Amino acid sequence: MNQYRKDHPDIVKATARRTHIRKRIAEGKEPIGKPGVKPRPLAERFWEKVIKHEEGCWGWSASKHDQGYGLIDGMLASHVSWIVHFGPVPDGLEVCHSCDNTECTRPDHLWLGTHGDNMRDAFAKGRIVHIPKTHCKRGHEFTPENTYLY
């Protein structure tokens, strides 16, 4: 079998290169690459893809993630918007949307929070619905007699 695997040297090298590029971009630096054509700055390429509106969200005209989030250089467009407007995102924090529009890049619609903050916000706005379980995985109904809480 001659298939590439995750641990194949070419795959490992390409993954390391992408990680290095993303890290340099997040730090506001240009990626170091082969001599020749110098890549255009991230901010310049970002603004070409933003659809600005006077009111409401700013759309994204380029590629999108399966869930509708804009993508540029393997990063979320909202994340890049934060970097362009405010600088690097601190470790442990996420760029969250106050408007709940996945393709929005408008900086005043974005805020920083932990993953837990983002999930609590989504739950409070009804985007995550928690339906209590009434039966166990084997089909038995939960009753006060056969159920206890830790």
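Owing to the predicted nature of the structure, the values given are computational and were not obtained by experimental measurement. Values reported hereafter were calculated over all heavy atoms of this structure, with side chains retained and with hydrogens, waters and symmetry mates removed.
The list of side chain to side chain donor-acceptor pair (under 3.5 Å) pairs with a residue in residues 110-119, not counting sequence neighbours, reads Glu94-His115, Glu94-Asn118, Thr114-Asp117, Asp117-Arg120. Evaluation of the salt bridge (Lys or Arg N to Asp or Glu O under 4.0 Å) test over residues 46-62, restricted to residues two or more places apart or in two chains, returns Arg40-Glu48.
Relative ring orientation between His65 and Tyr69 is described as perpendicular, the plane-to-plane angle rising above 60° on a 0-90° scale split at 30° and 60°.
Between Thr105 and Gly59, the shortest heavy-atom distance links the atoms OG1-O, 4.0 Å. Closest of all the heavy-atom pairs between His109 and Cys57 is ND1-SG, 3.6 Å. Here the closest non-hydrogen pair linking Glu141 and Asn146 is O-ND2, 2.9 Å. Considering every non-hydrogen atom in both Trp58 and Arg106, the closest pair reads NE1-NH1, 3.5 Å.
Under a hydrophobic clustering in which Ile, Leu, Val, Met, Phe, Trp and Tyr are joined whenever their side-chain heavy atoms come within less than 4.5 Å, directly or via other members, Ile83 and Val50 fall into the same cluster. Linking Ile, Leu, Val, Met, Phe, Trp and Tyr whenever their side-chain heavy atoms come within less than 4.5 Å leaves Phe86 and Val84 in two separate clusters.
Side-chain contact between Leu110 and His85 is absent, with no heavy atoms from C-beta onward closer than 4.5 Å. Between Glu27 and Pro88, every side-chain heavy-atom pair lies at or beyond the 4.5 Å cut-off. At a threshold of 4.5 Å between non-hydrogen side-chain atoms, the residues Lys64 and Glu103 count as touching. Under the 4.5 Å side-chain criterion, counting only non-hydrogen atoms from C-beta, Trp82 is not in contact with Pro107.
Looking at Asp100 and Arg127, a side-chain N of the basic residue comes within less than 4.0 Å of a carboxylate O on the acidic one, giving a salt bridge.
Checked options Ile51, Ile72, Thr102; the residue passing with Trp60 is Ile72 (criterion: side chain to side chain contact (heavy atoms under 4.5 Å, CB included)).
Counting non-hydrogen atoms of neighbouring residues, nucleotides and ligands closer than 6.0 angstrom, the NZ atom of Lys125 exceeds 12 such neighbours.
A donor-acceptor pair under 3.5 Å links the side-chain atoms of Thr147 to the main chain of Thr143, judged by distance alone. Side chain of Arg22 to main chain of Met75: no donor-acceptor pair is present (N/O by atom type, distance under 3.5 Å, no hydrogens or angles).
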Go through Lys133 and Phe142 one step at a time and tell me if the side-chain contact (heavy atoms from CB on, under 4.5 Å) criterion holds.
-> CA-CA 8 Å; Lys133 294 183 180 181; Phe142 290 134; 3.9 Å; yes
Please step through side-chain contact (heavy atoms from CB on, under 4.5 Å) for the pair Leu76 and Val95, ending with a clear verdict.
-> CA-CA 9 Å; Leu76 296 177; Val95 177; over 6 Å; no
